[in-house]
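All chains are named by letter (A, B, ...) in the order of the sequence lines, taking the proteins before the strands, and each is independently numbered beginning at 1. Given the structure is predicted, the values throughout are model-derived calculations rather than measurements.
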Amino acid sequence: MGMFILRRTGVMLLTAICLTFIVFIMTNLYPNLEKLAKNEGNFRMSDAEVASFLGNRGYTQGKLQNYGEWLGVLPGYVIEGIDGKTRGRCSNHGAIVEDAGRYCGVLQGDWGFSSRFKEPVLKIVATRLALTGKLMFWVLVVMVPGALLIGVMAGMREGSRLDRSLSTGAIVTTATPEYVSGVIFIAIFTSSAVGLKWFKGSATSAMENATLENFLLPVLTIAIYGMGYIARMTRASMAEVMTAQYIRTARLKGVSFANIVLKHALRNALIAPFTVIMLQIPWLLNGVVIVEVLFNFKGFGWVLVQAASNNDIDLLLAVSVVGVVVVLLTQLISDIGYVFLNPRIRIS
Amino acid sequence: MQNLTWTGTLGAYINPFFLTALCAFLIFVVAAAARGFSRADGPNPINPTPPSIALFGPTLIIGLVLWLLSLSGLSPFEILGLGNMWLSLAVCLLIGVTAGFGLFQISSELVFKLVWGTFYAALGLFLIYLVVGLFVLPETMGIVGAISKRLTPTWIALLVTFSVSIYFKRSLGLYGKLFDSPVGMIGLGLVLFWVFTALLGAGFDLIATHDPLGQVSGMKNKHPGIPLRGAEAGDYPYYLFGGDTLARDVFSRAIVGSGIVIVIAPAATVFAFMVGITLGLPAGYFGGRLDTVLSFLSNMVLAFPVILLFFLLVTPEIIESGLPKYLAVILFVFPVIFVGVAQYSKNRLKPNFLTLQFPIMMIIAIWLYLSLISEAGAVISILPPLLDLFDVPSEILVVFVSVVFVNSPTVFRIVRGLTLDVKTRDYVAAAQTRGERPWYIMLWEILPNVRGPLIVDFCLRIGYATILLGTLGFFGLGLESESPDWGTTINAGRKLLSVYLAPVLVPAFSLMSLVLGLNLLADGLREESLRD
């Protein structure tokens with residue numbers, strides 16, 4: 001087991017390094033850098049000025065070198081520019097500061113500086129991630145019990161009317177992406193055209209003070225899309241368990257149906273959904289981005305969109321690191337959890 | 001001229017019946033759900049559920065539904081509000097107990113019969129709107145009738161397809177079996193509806209009432225059914241679903257937008273399947289280092305948050321650098337490889353094949369491939385303009401490439417898993433003993449035998465590709481901002497969503513119905529393919 005975790009962690013690190021390298025290359029393509037230079041300097045720079053601007057700040061050293069500096073395994077550049085000033089990466093791309101270290105990358109805890117928000121990246125990511133964490137928490141609170149309940153009820157009597165109607169409902173929710181259900185919710189519950197106005201169409205105020213009024217719609221929008229998929233998986237697993245021999249034995253012994261479902265079937269039926277739920281979390285990240293943009297909730301997803309549309313290189317790299325770590329971590333947890341939950345599987 | 005109402009002058013007589021049937025249906029659905037939640041299929045004589053528990057479900061459901069309705073302040077339920085939320089809750093639950101008790105006096109069969117009866121009544125009345133609308137003026141049957149009339153070509157095509165297919169269904173294989181399952185039929189109906197609408201509406205321009213990009217002054221932000229200002233003799237006199245923020249016709253945009261979605265989503269899925277199959281089969285069959293490398297790559301793409309990938313791939317700066325083009329060069333070569341290898345491995349021993357048929361086929365395939373990727377004046381222009389058969393607009397190519405890129409790793413994983421499962425079967429061993437080459441075994445022994453799950457996944461994946469396309473449009477990536485595709489339209493309309501619903505809800509429901517149709521179709525196919 002220890003070996004397994006170790007190997008998985010190794011693969012995880014390798015994947016994270018490869019992916020951040022790809023993101024690094026893509027954000028550092030020359031057209032992107034040109035845009036960055038014009039944003040930072042002024043918009044009327046000539047091509048030669050752009051080139052010297054970038055050269056002075058170490059952007060033209062070669063991608064591997066730059067990536068190493070960002071990672072913190074190579075010493076940060078110190079360049080005497082064409083304009084005569086000396087700049088260093090570890091001095092915030094500005095004039096050399098005495099106490100700046102030689103290395104300043106992610107490994108040293110320096111995630112860089114956001115050009116869009118004019119703040120340290122680490123601080124932005126931490127605050128925004130906390131906000132999104134709140135959103136995700138409530139999404140999971142709504143989604144997981146709801147999906148499991150629907151799946152178990154549909155799967156306990158396969159082919160019954162209850163099963164058919166719940167399964168159809170689950171298909172409908174999987175066919176409704178967040179940007180569709182979100183706008184439908186906004187149209188019905190918040191617009192002056194329909195006139196119900198039960199909830200608010202913007203979740204900006206939920207960042208400090210989440211109430212039912214401003215937070216229910218974003219949470220529901222994300223939860224509903226994921227719910228259908230988990231419910232269908234739970235239903236399949238429950239239906240399979242209900243045909244097992246030991247359930248038939250229990251029935252023949254005269255155990256009541258409620259007891260069969262709750263005491264005998266449920267525990268075995270919930271192993272597969274656990275994996276599905278863990279693997280669904282990365283997909284929630286998509287929903288989070290859409291919903292945060294739609295409801296103007298300024299969390300992690302909103303930051304992702306801001307960073308990407310402004311080509312904020314440091315922030316974008318940090319965002320992708322977080323995204324990749326979330327994906328890989330949930331995969332790892334689902335694998336390990338599966339082994340613990342399912343006694344039939346033992347990894348040697 | 002007056003605004004069109006939803007159902008017109010004739011509809012005013014039918015509306016009361018339709019609304020009654022609809023309300024009755026909703027009430028019986030709640031009743032049936034309440035009954036079904038406690039005892040799904042009748043009482044159990046050996047271990048009867050105690051009445052206290054049996055009544056719990058109906059009480060809760062009916063009570064809470066009533067309570068919510070009373071909170072909403074709709075006119076007939078306002079009385080239940082009683083001025084106090086909690087008092088009202090208690091009263092609602094009390095009514096729930098009584099109603100639940102009453103429900104158990106009726107047999108569950110009767111409740112379900114009532115549900116279906118009212119459902120068919122409502123459906124039948126709705127069909128009257130559609131059918132009568134075909135033959136009368138827009139004023140008589142309102143917006144619903146007028147839209148039904150505009151969609152006449154689609155209805156005819158659907159009717160012909162369905163009657164022919166049902167007549168010949170025994171000789172049509174898996175497709176014919178779809179007509180045995182209601183779910184599959186509904187799904188197929190929805191999908192075909194959009195396919196025909198796209199083909200006849202966007203392809204032949206038989207359905208749309210106006211130019212999807214044309215702006216008419218005075219038609220900005222109008223509600224559905226608005227008469228066209230300054231209409232001339234040949235113009236259609238109404239904007240059926242109103243006008244959007246740029247005074248364009250919402251109905252026509254939705255119809256023409258379906259053309260973009262219906263072409264890109266399935267085509268991107270086909271390419272993703274080609275990539276996934278061409279790489280997944282050898283990875284599963286040979287295993288070893290090839291499998292390790294390919295699996296690592298596919299896991300890597302899958303570990304990328306999709307939206308981040310879109311933002312990285314589809315920004316103008318990246319497009320300028322030509323990266324999507326290079327990606328297209330790599331991804332689009334797989335169909336050529338697939339066709340070439342498949343034909344070679346099957347027919348290589350036939351006379352004349354290697355000298356005549358195979359070279360011709362490959363030349364055509366490679367020519368198509370080169371025409372697809374090369375574009376005069378762009379980063380990659382290999383073919384001289386004279387030989388270049390067609391140019392794909394670059395923004396569509398970018399969207400296409402990113403959807404293919406996101407989907408192919410998942411297909412790869414599915415194909416690899418299926419191959420691992422099937423390669424231990426006897427018929428594979430028999431083929432190996434016969435001395436068949438590996439590629440023949442993969443493409444002509446393994447692949448046909450795993451087609452069932454692949455077809456089902458293909459349907460689901462088209463739906464997913466549709467959702468991804470919408471996501472791209474929603475973030476304003478790729479397609480131009482005035483493109484009528486559904487995602488872009490939703491994005492454009494959401495700023496004024498609280499006042500003008502139609503510009504957003506029309507494309508939203510269109511997208512939802514198409515994806516729902518594909519999901520139901522996949523469900524029907526799965527059910528029918530499992531049956532035999």
Side-chain angles (χ1 to χ4, degrees), chain A residues 11 14-16 18-19 23 26-27 29-32 34-35 153 156-157 160-162 165 167-168 171-172 174-177 179-180 183-184 186-187 190-194 196 198 201 254 256-258 282 285-286 289-290 293-294 301 304-305 308-309 311 316 319-320 323-324 326-328 331, chain B residues 29 32-33 36-37 40-41 44 46-47 49 53 71-73 112 183 223 296 299-300 302-308 310-313 315-318 320-321 323 463 467 470-471 474-475 487 490-491 493-494 497-501 504-505 508-509 511-520 523:
Chain A
V11 173
L14 189 64
T15 315
C18 288
L19 278 181
V23 177
M26 287 173 90
T27 46
L29 283 177
Y30 197 76
N32 275 333
E34 197 178 331
K35 189 172 148 197
M153 285 204 305
M156 67 187 184
R157 287 180 206 271
S160 68
R161 287 182 187 118
L162 185 66
S165 34
S167 298
T168 314
I171 292 183
V172 174
T174 47
T176 322
Y179 51 90
V180 169
V183 295
I184 292 175
I186 292 180
T190 71
S191 70
S192 50
V194 173
L196 285 179
W198 290 358
S256 76
F257 188 70
L285 207 64
N286 272 346
V289 179
I290 294 172
V293 170
L294 189 60
L304 188 156
V305 173
S309 39
N311 195 44
L316 207 48
V319 164
S320 53
V324 169
V326 167
V327 173
L328 297 176
Q331 277 177 6
Chain B
V29 164
F37 275 36
D41 297 321
N44 176 354
I46 301 169
N47 285 308
T49 323
I53 296 179
L71 281 182
S72 75
F112 280 100
V183 171
H223 287 296
F296 178 74
N299 284 340
M300 204 165 78
L302 286 175
F304 233 120
V306 174
I307 289 184
L308 184 63
F310 281 164
F311 267 107
L312 288 178
L313 271 181
T315 47
E317 285 80 22
I318 300 268
E320 196 185 317
S321 73
L323 185 74
I467 291 179
T471 312
F474 180 79
F475 285 109
I490 293 177
N491 184 34
R494 70 188 168 91
L497 184 56
S498 65
V499 195
Y500 303 103
L501 305 183
V504 175
L505 289 191
F509 277 114
L511 194 141
M512 188 181 149
S513 61
L514 174 61
V515 180
L516 179 64
L518 286 163
N519 285 6
L520 290 177
D523 216 47

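- For a residue to count as touching a neighbouring chain, one of its non-hydrogen atoms must lie under 4.5 Å from one of that chain's; by this rule B/Ile307 touches chain A with backbone and side chain alike.
- Rounded to the nearest 0.5 angstrom, A/Asn311 CG and B/Phe311 CZ are separated by 12.0 Å.
- In this structure, CZ on B/Phe112 lies 7.0 Å from OG on A/Ser165, to the nearest 0.5 angstrom.
- Looking at A/Leu285, the atoms closer than 4.5 Å to chain B (heavy atoms on both sides) all sit in the side chain, from C-beta outward.
- Ranked by heavy-atom pairs under 4.5 Å with chain A, the list B/Leu308, B/Asn491, B/Ile490 is led by B/Leu308.
- For the ring pair (Phe, Tyr, Trp, His ring centres under 6.0 Å) test, no residue two or more places apart in sequence or in another chain qualifies with B/Phe310.
- Side-chain contact between A/Ser191 and B/Leu501 is present, with heavy atoms from C-beta onward closer than 4.5 Å.
- Rounded to the nearest 0.5 angstrom, A/Leu29 CG and B/Ile318 CD1 are separated by 4.5 Å.
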Give the intermediate values and the outcome of side chain to side chain contact (heavy atoms under 4.5 Å, CB included) for residues A/Thr168 and B/Val183. CA-CA 9 Å; A/Thr168 314; B/Val183 171; 5.8 Å; no
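- Of all heavy-atom pairs spanning A/Val180 and B/Ala508, the tightest one is CG1-O, 3.7 Å.
- Pairing each heavy atom of A/Thr27 with each of B/Leu312, the nearest pair is CG2-CD2, 4.0 Å.
- For A/Leu304, the part sitting under 4.5 Å from any heavy atom of chain B is the side chain, from C-beta outward, and nothing else.
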Intermediate values then yes/no, side chain to side chain contact (heavy atoms under 4.5 Å, CB included), A/Tyr179 and B/Leu511: CA-CA 10 Å; A/Tyr179 51 90; B/Leu511 194 141; 3.9 Å; yes
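- In this structure, the portions of B/Thr471 lying under 4.5 Å from any heavy atom of chain A include both its backbone and its side chain.
- The candidate with the highest count of non-hydrogen atom pairs below 4.5 Å against chain B, out of A/Val319, A/Val326, A/Val23, is A/Val23.
- The main-chain N or O of B/Ser498 is found under 3.5 Å from a side-chain atom of A/Ser192 such that the two form a donor-acceptor pair.
- Only the side chain of B/Leu323 comes within contact range of chain A, with heavy atoms under 4.5 Å apart.
- A distance of 5.5 Å separates CE in B/Met512 from CD1 in A/Ile184, rounded to the nearest 0.5 Å.
- Closest approach of B/Ile467 to A/Thr174, counting heavy atoms only: CD1-O, 4.2 Å.
- When each of A/Leu316, A/Val293, A/Thr190, A/Ile186 is scored by its heavy-atom pairs under 4.5 Å with chain B, the top score falls to A/Val293.
- Highest contact tally toward chain B, considering only A/Leu328, A/Val324, A/Val172, A/Val183, is held by A/Val183 [criterion: heavy-atom pairs under 4.5 Å].
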Could you walk me through whether B/Phe304 and A/Val327 pass the side chain to side chain contact (heavy atoms under 4.5 Å, CB included) check? CA-CA 8 Å; B/Phe304 233 120; A/Val327 173; over 6 Å; no
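- In plain terms, the two heavy atoms of A/Gly323 and B/Pro305 that are nearest each other are CA-CG, 3.9 Å.
- B/Phe296 pairs by the side chain to side chain contact (heavy atoms under 4.5 Å, CB included) definition with A/Val11, A/Leu14, A/Thr15, A/Cys18, B/Met300, not counting sequence neighbours.
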